[in-house]
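If you're wondering where the values come from, they're calculated on a predicted model, not measured in any experiment.
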Amino acid sequence: MPGEMADEVAGDDVLDAYSRVVSGVAAHLIPRVASLRIHRRRGDSSGSAVVLTGDGHLLTNAHVVGDGSEAAAEFADGTTAQARVVGVDRLSDLAVLRADREIPDPPEYGDADLLKVGNLVVAVGNPLGLAGSVTAGVVSALGRSLPVRSGSAQRIIEDVIQTDAALNPGNSGGALADGNGRVIGINTAVAGIGLGLAVPVNPTTRRIIYSLLHDGRVRRGYLGLVTKPAPLQPALAERFDQRTALRVVEVIPASPAAAAGLRQGDLVLALNGVPLRDAQSLQRQLFEDAIARRTEITAIRNNALVDVIAYPAELSD
């Protein structure tokens, strides 16, 4: 009996600690997450946005903004602001807006690359018109892919965070935070009952956000490759010190990759000597400074090492 009582007390302590963490994160973030109403050509839409900078910028999803250029932002204390769209990047599903008046200070932003499966996360947003809603859960998986449509093109958002923190329509654009209240993701989709997805905040997306803030767009290089991660044979893995590479599923006709001589079935190991282990590692090499630049691609074809030279074009919408 005493042992059971001790276990009960220990369990209560754990629950109390969990509650304190979640309530502390909620108290910190709720004032910094706005409810958004976007004015679109085909009618208004709603979502959430997180304060990004101290001079009035907000961060949300590109799909929340859609084709809109203006929005109304309302904060938990009832204050409102008009905001204009500064930049949109549909490939990462991120967008930046600028409020027309003073708004709350931004939260701290963390690094999703440091997350581990099982880490506690807290989602803050405005689902179904219910302002300041908070849910909590854990990181269920990392490195997920999320298909998105941009115009007539189907594209993939890479390295998405999967969480079991409940998300509902209207949560999109809200904050996903770690147990210290640092924003490590922007909630982007409801993947199913008990499953939510968030765009990570990490060095790659920080670069995207910086471009949206300063240029209103993100310029990227384009090779014209459709790839998927593939394991390397043990001998190759040891030789090149990497376990996976990118298998070429398709080479787009008349693309830089086609001009360079890459073929379906090639196993791409590296760009300019930088190992390619997943799709995001390829995207990291194809920002603005890669456009029209001589790029050396190392691949394996029929068990032989092949080096080709490509000149990435600029990716257009």
Side-chain angles (χ1 to χ4, degrees), residues 29-30 32-53 56-76 80-100 103-104 106-107 109 112 123-135 144 146-151 153-157 160-163 165-177 183-191 195-201 205 208-209 211-213 216-218 317:
L29 283 181
I30 286 174
R32 294 168 170 84
V33 176
S35 175
L36 276 189
R37 180 158 294 278
I38 306 289
H39 309 306
R40 297 187 181 185
R41 287 196 293 267
R42 296 184 179 180
D44 290 357
S45 65
S46 61
S48 305
V50 188
V51 178
L52 178 63
T53 69
H57 289 96
L58 297 159
L59 182 62
T60 187
N61 290 138
H63 79 264
V64 169
V65 169
D67 61 10
S69 60
E70 294 182 345
E74 182 174 356
F75 291 89
T80 60
Q82 295 300 307
R84 62 179 177 82
V85 176
V86 172
V88 175
D89 181 51
R90 305 199 188 284
L91 190 56
S92 64
D93 197 23
L94 292 173
V96 171
L97 300 91
R98 176 74 181 269
D100 65 351
I103 60 175
Y109 283 78
V124 179
N126 302 282
L128 308 172
L130 303 172
S133 293
V134 177
T135 56
R144 295 299 196 206
L146 175 65
V148 294
R149 182 162 292 280
S150 175
Q154 182 83 9
R155 292 175 178 165
I156 301 292
I157 302 174
V160 171
I161 303 165
Q162 179 184 318
T163 174
L167 301 180
N168 290 290
N171 264 119
S172 290
L176 186 71
V183 178
I184 43 80
I186 300 299
N187 299 318
T188 193
V190 180
L195 291 179
L197 300 173
V199 177
V201 173
T205 50
I208 290 167
I209 293 164
S211 294
L212 293 177
L213 276 168
R217 60 189 289 246
V218 180
D317 286 336

Return yes if some donor-acceptor pair links the side-chain N/O of [X] with the main-chain N/O of [Y] below 3.5 Å, else return no.
{"X": "Asn187", "Y": "Ala175", "value": "yes"}
{"X": "Ser46", "Y": "Arg37", "value": "no"}
{"X": "Asn61", "Y": "Asp93", "value": "yes"}
{"X": "Asp100", "Y": "Gln82", "value": "yes"}
{"X": "Asn126", "Y": "Ala34", "value": "yes"}
{"X": "Arg32", "Y": "Phe75", "value": "no"}

So, taking the atom named [atom1] in [X] and the one named [atom2] in [Y], what distance separates them when rounded to the nearest 0.5 Å?
{"X": "Ser172", "Y": "Leu197", "atom1": "OG", "atom2": "CG", "value": "10.0 Å"}
{"X": "Leu97", "Y": "Ser69", "atom1": "CG", "atom2": "OG", "value": "10.0 Å"}
{"X": "Ile208", "Y": "Leu91", "atom1": "CD1", "atom2": "CG", "value": "7.0 Å"}
{"X": "Thr188", "Y": "Leu94", "atom1": "OG1", "atom2": "CG", "value": "8.0 Å"}
{"X": "Tyr109", "Y": "Ile209", "atom1": "OH", "atom2": "CD1", "value": "7.0 Å"}

Identify the heavy atoms of [X] and [Y] that sit nearest to each other, and give their distance.
{"X": "Ala73", "Y": "Leu36", "answer": "CB-CD2, 3.9 Å"}
{"X": "Ile38", "Y": "Ala71", "answer": "CD1-CB, 3.4 Å"}
{"X": "Val50", "Y": "Pro107", "answer": "CG1-CG, 4.0 Å"}
{"X": "Thr60", "Y": "Ala49", "answer": "CB-CB, 3.9 Å"}
{"X": "Asn171", "Y": "Val124", "answer": "ND2-C, 4.2 Å"}
{"X": "Ala72", "Y": "His39", "answer": "N-NE2, 4.1 Å"}

Tell me every residue that passes side chain to side chain contact (heavy atoms under 4.5 Å, CB included) with Ala112, counting only those two or more places apart in sequence or in another chain.
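Here the qualifying residues are Leu115, Ile161, Ile184, Pro200.
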
Residues in side chain to side chain contact (heavy atoms under 4.5 Å, CB included) contact with Thr80, at least two apart in sequence or another chain
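Residues passing side chain to side chain contact (heavy atoms under 4.5 Å, CB included) with Thr80: Glu74.
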
Which of these passes side-chain contact (heavy atoms from CB on, under 4.5 Å) with His57: Val51, Leu52, Ile103?
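Of the listed options, the one satisfying the test is Leu52.
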
